[in-house]
Amino acid sequence: MFDPLFDLKQKRVLITGGAGTLGALIAKAFAERGADVTIQDLNQERLDEVRKSISGESGKAFSISADLSSPDQCASVVNEANALMGGLDIVINTAGINRRKPITEVTEEDFNAIVSVNMKAIYFISQAAHPIMKAAGGGVIVNMSSLSARYSFNTISVYAATKAAVTSITRSTAREWAKDKIRVNCIEPSVIKTDFTKPLWGEPHRTKWFDETTPIGRLSNPDEIIGSVIFLATDASSYITGQSIVIDGGILSGGDWDSYA
């Protein structure tokens, strides 16, 4: 039975980082539900693959190859997506990078590169989307943050700082733009098993740590994130804004001290 609360038919959606494992799955999920989708990423070959893979779904698919490291590029991507689809109802910010190093080895170039994509791009993509959504009577933004926004791991200090910033930006934009009927929320997942995170879960000792620390007993698969994204993008969450959904298999629910007995 069709549930109108989760209706995405004829919605116009921009997904940054859309050629990545998670971004591509989100794009496919939205297209399957009738949305028109524009995916942005750097790799044109990968963008073409993803676009072709979802072009047979009910929604239309477009792609934009662009770097998001400058505000001008962010604005250009938003405006081009708006033109391609004839409007912009939803933005899903999934673009992100990481360079895993101890704090003592992080260079200024490392720092600036991670901040530019993970923090600055989300800020200026959202800023560029705001007037379009406001003029249309509202819209939705969903940002991809991380469990590392509130739970520290070794060698990802800059990444974690940018994700804490994403969560904070989510609250700030939600507060300022509620009057414009623009809802903004974010998702804070633990490590998702993708190519991007393989340096973590691909190491046996780290896999063992996650399996033993996570109450559910394993890392999440990318498709386990999709339901929350759809929920936040649709009228099913019409009274939710400025919030973070933690998807961590129960890590933050606490620990088991008897496991060491």
Side-chain angles (χ1 to χ4, degrees), residues 3-8 11-17 22-23 25-27 29-30 33 35 78 88-96 117-130 132-134 136-153 159-192 214-216 219-254:
D3 189 336
L5 285 175
F6 294 90
D7 186 17
L8 285 166
K11 294 293 185 182
R12 284 79 51 98
V13 186
L14 168 63
I15 301 169
T16 68
L22 183 58
L25 282 172
I26 292 171
F30 275 75
R33 289 158 177 81
V78 170
L88 184 62
D89 303 300
I90 300 166
V91 172
I92 313 293
N93 282 309
T94 76
V117 177
N118 293 10
M119 177 183 170
K120 192 164 80 170
I122 282 182
Y123 193 97
F124 287 105
I125 285 283
S126 300
Q127 184 189 76
H130 171 259
I132 296 170
M133 290 181 172
K134 179 180 178 180
V140 175
I141 299 173
V142 180
N143 297 322
M144 194 59 60
S145 183
S146 166
L147 180 65
S148 62
R150 60 180 78 203
Y151 191 103
S152 295
F153 295 95
Y159 178 86
T162 61
K163 291 305 183 177
V166 169
T167 298
S168 180
I169 291 166
T170 296
R171 289 193 298 269
S172 297
T173 49
R175 183 64 189 89
E176 290 193 21
W177 298 347
K179 64 183 183 302
D180 303 319
K181 295 182 170 55
I182 299 172
R183 294 189 301 107
V184 190
N185 293 289
C186 73
I187 290 173
E188 296 179 356
S190 180
V191 174
I192 306 165
T214 306
I216 286 182
L219 293 174
S220 69
N221 296 311
D223 55 4
E224 292 179 298
I225 310 300
I226 304 302
S228 295
V229 177
I230 291 172
F231 169 68
L232 291 176
T234 60
D235 286 343
S237 60
S238 60
Y239 199 61
I240 298 175
T241 194
Q243 300 302 309
S244 307
I245 293 181
V246 177
I247 305 177
D248 68 349
I251 289 175
L252 293 184
S253 64

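None of these values were measured; they are calculated from a predicted model.
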**Request:** Only counting residues at least two apart or in another chain, list the ones meeting side-chain hydrogen bond (donor to acceptor under 3.5 Å, both in side chains) with Ser190.
**Result:** none
**Request:** Mind checking side-chain contact (heavy atoms from CB on, under 4.5 Å) for Ala29 and listing every partner two or more places apart, or none if nothing turns up?
**Result:** Arg33, Ile226, Ile230
**Prompt:** Would a distance-only check, ignoring hydrogens and angles, find a side-chain to backbone donor-acceptor pair under 3.5 Å from Ser168 to Ala164?
**Reply:** no
**Prompt:** Going from CD1 on Ile141 to CH2 on Trp177, what distance comes out if it is rounded to the nearest 0.5 angstrom?
**Reply:** 5.0 Å
**Euclidean distance, Arg171 CZ relative to Cys186 SG, rounded to 0.5 Å** = 8.0 Å
**Item:** Interatomic spacing from CD1 in Ile182 to CD1 in Ile132 - rounded to 0.5 Å
**Value:** 10.0 Å
**Message:** Restricting to side-chain hydrogen bond (donor to acceptor under 3.5 Å, both in side chains), what partner residues turn up for Thr170, sequence neighbours left out?
**Reply:** Asn143
**Item:** Val191 side chain reached by Phe153 side chain, heavy atoms, under 4.5 Å
**Value:** no
**Message:** Given 3.5 Å as the limit, does a donor-acceptor pair link the side chain of Asp248 with the main chain of Leu252, or not?
**Reply:** yes
**Asked** Listed by chain and number, what are the side-chain contact (heavy atoms from CB on, under 4.5 Å) partners of Ser146, not counting sequence neighbours?
**Response** Ser148, Tyr159, Lys163
**Message:** Is it the case that atom NZ in Lys11 sees more than 12 heavy atoms from other parts of the structure closer than 6.0 Å?
**Reply:** no
**Prompt:** Would Val78 and Phe124 count as a side chain to side chain contact (heavy atoms under 4.5 Å, CB included) if you check the C-alpha gap in whole Å, the side-chain angles of each, and the deciding distance to 0.1 Å?
**Reply:** CA-CA 10 Å; Val78 170; Phe124 287 105; over 6 Å; no
**Message:** Quick one, Val142 with Val91, criterion side chain to side chain contact (heavy atoms under 4.5 Å, CB included). Give me CA distance, side-chain angles, the key distance, then yes/no.
**Reply:** CA-CA 6 Å; Val142 180; Val91 172; over 6 Å; no
**Prompt:** In chain order, what residues pass the salt bridge (Lys or Arg N to Asp or Glu O under 4.0 Å) check against Arg150, with sequence neighbours excluded?
**Reply:** Glu188
**Fill in**
In this structure, OG1 of Thr16 is separated from CG of Asn93 (nearest 0.5 Å) by 4.0 Å
**Item:** Contact summary for Ala174 and Val184, nearest pair of heavy atoms
**Value:** CB-O, 3.6 Å
**Contacts of Lys134 that satisfy side-chain contact (heavy atoms from CB on, under 4.5 Å) - sequence neighbours left out** = His130, Asp180
**Message:** Taking side chain to side chain donor-acceptor pair (under 3.5 Å) as the cut-off, I'd like each qualifying pair that reaches into residues 227-241, sequence neighbours left out, listed once.
**Reply:** Arg183-Ser237
**Closest heavy-atom pair and its distance - Leu22, Ile192** = CD2-CD1, 4.1 Å
**Separation of Leu232 CG from Asn185 CG (nearest 0.5 Å)** = 5.0 Å
**Nearest atoms (heavy-atom pairs only) where Pro189 meets Ile225** = CB-CD1, 4.1 Å
**Prompt:** Who pairs with Arg12 by salt bridge (Lys or Arg N to Asp or Glu O under 4.0 Å), at least two apart in sequence or on another chain?
**Reply:** Asp89
**Asked** So do Ile90 and Leu8 actually touch side chain to side chain, heavy atoms under 4.5 Å?
**Response** yes
**Request:** Among residues two or more places apart or on two chains, list those pairs meeting salt bridge (charged side-chain N to carboxylate O under 4.0 Å, His left out) that have a residue in residues 221-234.
**Result:** Arg218-Glu224
**Request:** Quick one: pull up CD1 in Ile187 and CZ in Phe231 and give me the separation to the nearest 0.5 Å.
**Result:** 10.0 Å
**Prompt:** Does Glu176 have any salt bridge (Lys or Arg N to Asp or Glu O under 4.0 Å) partners at least two apart in sequence or in another chain, and if so, which?
**Reply:** none
**With sequence neighbours excluded, residues passing side-chain hydrogen bond (donor to acceptor under 3.5 Å, both in side chains) with Thr162** = Asn118
**Asked** Taking only residues two or more places apart in sequence or in another chain, which ones pass side-chain contact (heavy atoms from CB on, under 4.5 Å) with Ile169?
**Response** Met119, Tyr123, Thr173
